[in-house]
Amino acid sequence: MVVSNTRFTAAELATQLKIGTVSAVEAVQCHLDRIDDVDGDLHAFLHVSAEEALATAREVDKDRAAGVDLPPLAGVPIAVKDLICTKGIPTTAASRILEGWIPPYDASIVRNIKAARMPILGKTNLDEFAMGSSTEHSAFGDTHNPWDLDRIPGGSGGGSAVAVASYEAPLAIGTDTGGSIRGPAAFTGTVGVKPTYGSVSRYGCIAMASSLDQAGPVARNVLDTALLHEVLAGYDPRDSTSINEPVPAYADAAVHGATQDLKGVKVGVVLEMVGNGFQPGVLARFYESLTKLQNMGAEVVNLSCPSFPFAFDAYYLIMPAEVSSNLARYDGMRYGLRVEPTDGRPVTAESVTMATRGQGFGEEVKRRIILGTYALSAGYYDAFYGSAQQVRTLIQRDFAAAFDQVDVLVSPTTPTTAFKLGEKLDDVLAMYLGDVATIPANLAGVPALSMPNGIDAGLPTGFQIIAPAKEDARLYRVGAALEAALEHQWGGPLLDQAPELTVAE
Amino acid sequence: MSTITRDELVHVARLAAIDLTEAETDQFATELNVILEAVARVNTIVTPDVPATSHPLPMTNVLRDDVVIPSIPLDEIEAGAIAFEDGKFLVPQILGEE
């Protein structure tokens, strides 16, 4: 009984809570028990906030008993990526430099979650400051893929994806700068959405690359991501990039998508996103799903986005440049770690800053800060950063031309399935190239979704859908339609095929 | 295109205010050249007439309403501070000896 409550989707659990067959305290407790049972092997969580979650649940149960009108997801628990500030709950960005830091304020999206009366189960693991594609760059240890514990869960949001994939939480929050929501979704057989840039407030989300970062929903199915997106989205005067428009009806789009055909929908396949370096099994599943979309009435068109191969180059200049600027604030002066030099230098603000950053940042963070500092330095600015910003214009033009012809673009989310832990740690470039299909959407600010797309050699593959800016609803419509067709073929969600996890004694 | 020398790397690390070990300096000098080589194609496809894009959805003059919002209480700031005294962060001396 306890296990089965964790198997509900967020939408199902919300219904159970509403009709009273499950209390919010029971909903929280069964997930806390599940975390106790399996997280020793997985390490999806850096911190479990059991008391806070149960306190929120008790309030929800009390109000429900008193007949108070509650928001749709009241009592449905959620896990939060540890890049997002939670008042009174440690927030580390998986970095030694913030180890033990307790924010004095909530991120705006955490306030939204609290207003939605959703209990926060804890904080999930990530690559340090969200820099990585495997969660191996966390200062506090790897997260393991529930499909094969020897493999990476993707990154940076490996913890959030694994939490939902292993039924530790029905919902989670991720952030996506170059694929950190969608990559982990593909590698774990879950759903993740990077909304339109500006759809979800970043106030209180620890900044990595400000012109690319966007927070979004992580769940086990398309409808649940849509429901969570509606909670997270909305205008926030505290984020100057926030879109000041009403939030569209994402959940309705998912509900309708699951029951309707796709007649009249034009789907584009970008030739540059299905080419070299993609695992044959990943491409095979992709084309099978393309046929499914056609069978549902969609028109599939091949098109070319000639500047997309350069998106990778532009991204790995723009992102580190913004990283070098954003992470300048970790200077050992006000909060977090402070290290004094031990090599005889006088203890000044400068030497303390250098010692603190040298010891407090991990290898990948240092690599990117130094790369960004170099790309922005005198003599190289035009050749690197300036050119990269121009490439960004070309990417946007390619998207605009593509969306003149089609309603959505599709591709495999990642070129491969999950690789072995440690396999790419010594090959920086190979690791970076894993994001080649997810990066273009960040550079253009357009929304994109990754969803389970079948198995290759026992591991999940991902299907990516990309829509024009502010047309996130199309992701949910097309995604829900494809999900319904795939689950009909599989006889249930893809996660039903994942191996059972060993439960700790 | 340009390659980064070990001396340049030491200089850039100082600009970035990060102490690097000898081993890290050697490693990053090698790796940064691999990365720079991989991304150096960026200026082969752009021509001067292509404008630069800094943000995906351009917005200008974003201002909030001119109303006072309470700051985070000082005692909560102090609770998270490394060192705090008389309502201020306590830091090492700012200037060196020279």
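Naming: A, B, ... by sequence-line order, numbering from 1 per chain. What you are looking at is a predicted structure, and each value in this text was computed from that prediction instead of being measured.
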Pick one of side chain, backbone, both or neither for B:Pro48, based on which atoms fall under 4.5 Å of a heavy atom in chain A.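 When you check distances to chain A, only backbone atoms of B:Pro48 fall under 4.5 Å.
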Using non-hydrogen atoms only, which part of B:Thr44 is less than 4.5 Å away from chain A: side chain, backbone, both, or neither?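 Only the side chain of B:Thr44 comes within 4.5 Å of chain A.
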Of B:Val42, B:Ile45, B:Val39, which is the lone residue that meets side-chain contact (heavy atoms from CB on, under 4.5 Å) with A:Ser387?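 Only one option passes, and that is B:Val42.
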Which heavy-atom pair separates A:Tyr197 from B:Leu57 by the least distance, and what is that distance?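 Residues A:Tyr197 and B:Leu57, closest heavy atoms: O-CD1, 3.1 Å.
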Heavy-atom pair with the smallest gap, counting every atom of A:Gly332 and B:Ile82: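 Residues A:Gly332 and B:Ile82, closest heavy atoms: O-CD1, 3.4 Å.
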Crowding at [atom1], [X] (>12 non-hydrogen neighbours, <6.0 Å):
X        : atom1 : answer
B:Gln27  : CD    : yes
B:Asp75  : CG    : yes
B:Asp49  : CG    : yes
A:Arg111 : CZ    : no
B:His55  : NE2   : yes

State, yes or no, whether a side-chain contact exists between [X] and [Y] at a heavy-atom distance under 4.5 Å.
X        : Y        : answer
B:Arg64  : A:Arg238 : no
A:Asn244 : B:Met59  : no
B:Pro56  : A:Arg392 : yes
B:Val62  : A:Thr241 : no
A:Ile369 : B:Ile18  : yes
B:Pro92  : A:Arg338 : yes
B:Asp19  : A:Val339 : no

Any idea which of [options] has the most non-hydrogen atom pairs under 4.5 angstrom with chain B?
options                                : value
A:Ile318, A:Val391, A:Val446, A:Asp331 : A:Val391
A:Phe312, A:Phe310, A:Tyr315           : A:Phe310
A:Arg345, A:Gln359, A:Glu322, A:Lys470 : A:Arg345
A:Ser377, A:Ala469, A:Gly336           : A:Gly336
A:Pro237, A:Ala355, A:Ala388           : A:Ala355
A:Lys87, A:Glu340, A:Arg397, A:Glu363  : A:Glu363

Do A:Thr393 side-chain atoms and B:Pro51 backbone N/O form a donor-acceptor pair below 3.5 Å?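 Looks like yes, one N/O pair under 3.5 Å.
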Would the distance check show the side chain of A:Arg357 and the main-chain N or O of B:Ala16 forming a donor-acceptor pair, the cut-off being under 3.5 Å?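 Checking the backbone N and O of B:Ala16 against the side chain of A:Arg357, a donor-acceptor pair under 3.5 Å is found.
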Part of A:Leu212 within contact of chain B (heavy atom distance under 4.5 Å):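 Neither part.
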Need one label for A:Ile395: side chain, backbone, both or neither, based on atoms under 4.5 Å from any heavy atom in chain B.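 Interface part for A:Ile395: neither.
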Can you tell me which residue among A:Arg368, A:Arg367, A:Lys366 is in a salt bridge (Lys or Arg N to Asp or Glu O under 4.0 Å) with B:Glu31?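 Single salt bridge (Lys or Arg N to Asp or Glu O under 4.0 Å) partner of B:Glu31 among A:Arg368, A:Arg367, A:Lys366: A:Arg367.
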Audit row: B:Val34, A:Val428, side chain to side chain contact (heavy atoms under 4.5 Å, CB included) steps and yes/no: CA-CA 9 Å; B:Val34 173; A:Val428 176; over 6 Å; no
Quick one: [atom1] on [X] to [atom2] on [Y], what's the gap to the nearest 0.5 Å?
X        : Y        : atom1 : atom2 : answer
B:Leu9   : A:Leu371 : CG    : CG    : 10.5 Å
B:Ile4   : A:Ile370 : CD1   : CD1   : 8.5 Å
A:Gln390 : B:Asn43  : CD    : CG    : 9.0 Å
B:Leu90  : A:Arg334 : CG    : CZ    : 14.0 Å
A:Tyr374 : B:Leu15  : OH    : CG    : 12.0 Å
B:Ser54  : A:Tyr385 : OG    : OH    : 7.0 Å

